[in-house]
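The sequence lines fix the lettering, A, B, ..., with proteins before strands; numbering per chain opens at 1.
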There are 2 protein chains.
Amino acid sequence: MRAKKVKTELRREQIIQAALDLIGIQGIQALSIVGIAERVGIVPSALYRHFKNKEEVLDGVLMLIKKRVLGNIAHVKKKTSDPLEQLQCLLIRQTRMLSENRAIPHVVFSDGVYTGPPDRKAKVAEIMAAFLAGIQDIITEGQQMGTIRGDVIPFAASVMFLGMIMPAAVISNVSEGIVDIPAHAETVWPMFLRCISNEKKDQDHN
Amino acid sequence: MRAKKVKTELRREQIIQAALDLIGIQGIQALSIVGIAERVGIVPSALYRHFKNKEEVLDGVLMLIKKRVLGNIAHVKKKTSDPLEQLQCLLIRQTRMLSENRAIPHVVFSDGVYTGPPDRKAKVAEIMAAFLAGIQDIITEGQQMGTIRGDVIPFAASVMFLGMIMPAAVISNVSEGIVDIPAHAETVWPMFLRCISNEKKDQDHN
DNA sequence: CTAAATAGTGAATTGTGAATCACTAATCCA
DNA sequence: TGGATTAGTGATTCACAATTCACTATTTAG
């Protein structure tokens, strides 16, 4: 049966979304043109009307992920002006996003990143760098406002922030969801807070 | 030229080591029987004298990694009896191991883990679980001795410990070693210490 | 020293997945 | 309405990687 004709613009989005879904289900390694086409409802060769090759599809996936990740940071910055609150909110959003969208860790950790053309690696690096930079911004601001300890090194702290999210995602993937990522985030947050916040000794009583 | 005959026992080790090396260089995805055989100095088909198939080679690699990771924990426990010191020492060893042996993150984070036969996933899960369990042990002991806060949840803390290592390894891989993992570990350790240690308020202020 | 056994070889088989192409059907627009 | 453009199709090509296999060279034991 012949598929309905759809304008390239839209098909591209469908294809990228399909690829993202499939990655979430089976990982990048198993991602095939045939699989994507099937999911979109067209024949494999039709896909080449919209993308030059598989690599270009992957590029699209990366751009989408970048948009979502950075979108979270932007959203959080609008929501409140308290850096610590921003971080907590970001943690929650990010973990929710990961647990709903398992494709992201697959893409970021995939060793295809290392195998593929070098610019793919660079793109992943850029996404991570942008994410870390956003967090460092927040931390620096918190330091200026005095709610975050001055002796915290923003870069190190941003990597540690990532460290609350990344292992949880990996463990959750590997262990078939035994770990509830958002729940874990809630548990870890107070610990992280203790790392960086500038509590003046006596304030913490619950 | 014909390769020297070597006893299976030894060849198996050579093959596993070659696979580990190659994974470190090009990632799991690009790992091929041809590549391994070449590196060992035999012809591809010869490899099948020693392993049933590629999957079995991967199994061997996983076992080797497990041995090394758990070996680090055992070593650290022998070295000192102070839990906090054990953790710091473990952090140092583990990061050194990762920066020398880039294959490990490739294997553990590879999405091939999700694609491959389900028991491969289970094996990776087991390695991570064993590692986390080791850390939890140390933490629990620290709590009994009073040097680690009682309100710390061992599992959460162990994941966070992993969080000091894992993101650093990934960033280092992606960014072509811009981040020096062991150096980063040194930076982050004091922060982690603040998370879990039971300093009685007034001892460290600068 | 010789015959199992053990390990290594190259050719052939098989499977898979990406990409190309000539062709067809739908849509656009003048 | 009718030609040009755009998107979809199926057959096919190409490359590559995992195995298998009949055969050969080398050890090792009796």
Side-chain angles (χ1 to χ4, degrees), chain A residues 1-19 21-23 25-62 106 110-117 119-120, chain B residues 1-19 21-23 25-61 106 110-112 114-117 119-120:
Chain A
M1 183 195 13
R2 184 164 266 253
K4 266 281 157 61
K5 268 182 100 161
V6 169
K7 280 215 288 269
T8 276
E9 199 69 4
L10 179 54
R11 267 286 189 251
R12 282 181 65 99
E13 283 172 24
Q14 293 178 347
I15 289 169
I16 289 173
Q17 185 58 51
D21 294 345
L22 283 177
I23 292 171
I25 296 168
Q26 349 150 297
I28 269 198
Q29 188 163 90
L31 184 70
S32 73
I33 296 291
V34 175
I36 299 173
E38 215 162 70
R39 185 165 245 260
V40 172
I42 58 179
V43 108
S45 58
L47 192 147
Y48 289 88
R49 291 270 170 244
H50 313 291
F51 290 90
K52 186 168 150 285
N53 52 31
K54 190 178 172 181
E55 191 56 31
E56 224 183 70
V57 177
L58 262 302
D59 270 7
V61 171
L62 278 183
H106 280 277
S110 137
D111 65 357
V113 169
Y114 313 105
T115 306
D119 46 310
R120 189 143 121 227
Chain B
M1 183 196 14
R2 184 165 267 254
K4 269 279 157 67
K5 268 181 101 160
V6 169
K7 279 214 289 268
T8 276
E9 199 68 3
L10 179 54
R11 268 284 190 252
R12 283 180 65 98
E13 282 172 24
Q14 292 177 347
I15 289 169
I16 290 174
Q17 185 58 51
D21 294 345
L22 283 177
I23 291 171
I25 296 169
Q26 349 150 297
I28 271 197
Q29 188 162 85
L31 185 71
S32 73
I33 297 291
V34 175
I36 298 172
E38 215 162 69
R39 186 166 245 261
V40 172
I42 57 179
V43 107
S45 58
L47 192 145
Y48 289 85
R49 292 266 171 250
H50 315 290
F51 290 89
K52 185 168 151 285
N53 52 31
K54 192 176 172 181
E55 191 56 31
E56 223 183 73
V57 178
L58 263 300
D59 271 5
V61 171
H106 280 277
S110 140
D111 64 357
Y114 313 106
T115 306
D119 46 309
R120 189 144 119 227

Roughly how far apart are Leu22(B) CG and His106(B) NE2, rounded to 0.5 Å? 11.5 Å
Below 4.0 angstrom from OP1 or OP2 of dG8(C), is there any side-chain N or O of His50(B)? yes
What does the B/S/- profile of nucleotides 20-30 of chain C look like, 5' to 3', with a 4.0 Å heavy-atom cutoff to protein? BBBBBBB----
Between Asp59(B) and Phe51(B), is there a side-chain heavy-atom distance shorter than 4.5 Å? no
Separation of dA18(C) atom C1' from Leu31(A) atom CG, nearest Å, is 12 Å
Can you tell me how far CD of Gln17(B) sits from CZ of Arg39(B), rounded to the nearest 0.5 angstrom? 8.5 Å
How long is the straight-line distance from CG of Leu62(A) back to CG of Asp119(A), given to the nearest 0.5 Å? 10.0 Å
Output the rounded distance in Å from CD1 (Ile33(B)) to C1' (dT20(D)). 13 Å
In whole Å, I'd like the distance from the CD atom of Gln29(B) to the P atom of dA18(C). 11 Å
Gap between atoms CG and C1', on Leu22(A) and dG17(C) respectively (whole Å): 15 Å
For atom CD1 of Ile28(B) and atom P of dA17(D), their distance in whole Å: 16 Å
Closest to the side chain of Ile42(A), out of dG8(D), dG8(C), dG10(C), is dG8(D)
Between CG of Asn53(B) and C1' of dA18(D) the distance, given in whole Å, is 9 Å
Which part of the nucleic acid, if any, lies within contact of Leu47(A), taking any heavy atom under 4.0 Å across all strands shown: a base, the sugar-phosphate backbone alone, or nothing? nothing
For Ala18(B) and Val40(B), the nearest pair of non-hydrogen atoms, with its separation, is CB-CG2, 3.7 Å
Qualifying residue for side chain to side chain contact (heavy atoms under 4.5 Å, CB included) with Ile36(A), from Ile42(A), Asp21(A), Leu47(A): Leu47(A)
Inter-residue atom distance His50(A).NE2 - Ile16(A).CD1, 0.5 Å rounding: 11.5 Å
Among dA7(D), dA7(C), dG10(D), the one nearest any side-chain atom of Thr8(B) is dA7(C)
Let me know the distance between CD of Gln14(A) and P of dA7(D), rounded to the nearest Å. 12 Å
Within this structure, what is the CZ-to-C1' distance between Phe51(B) and dA18(D), rounded to whole angstrom? 16 Å
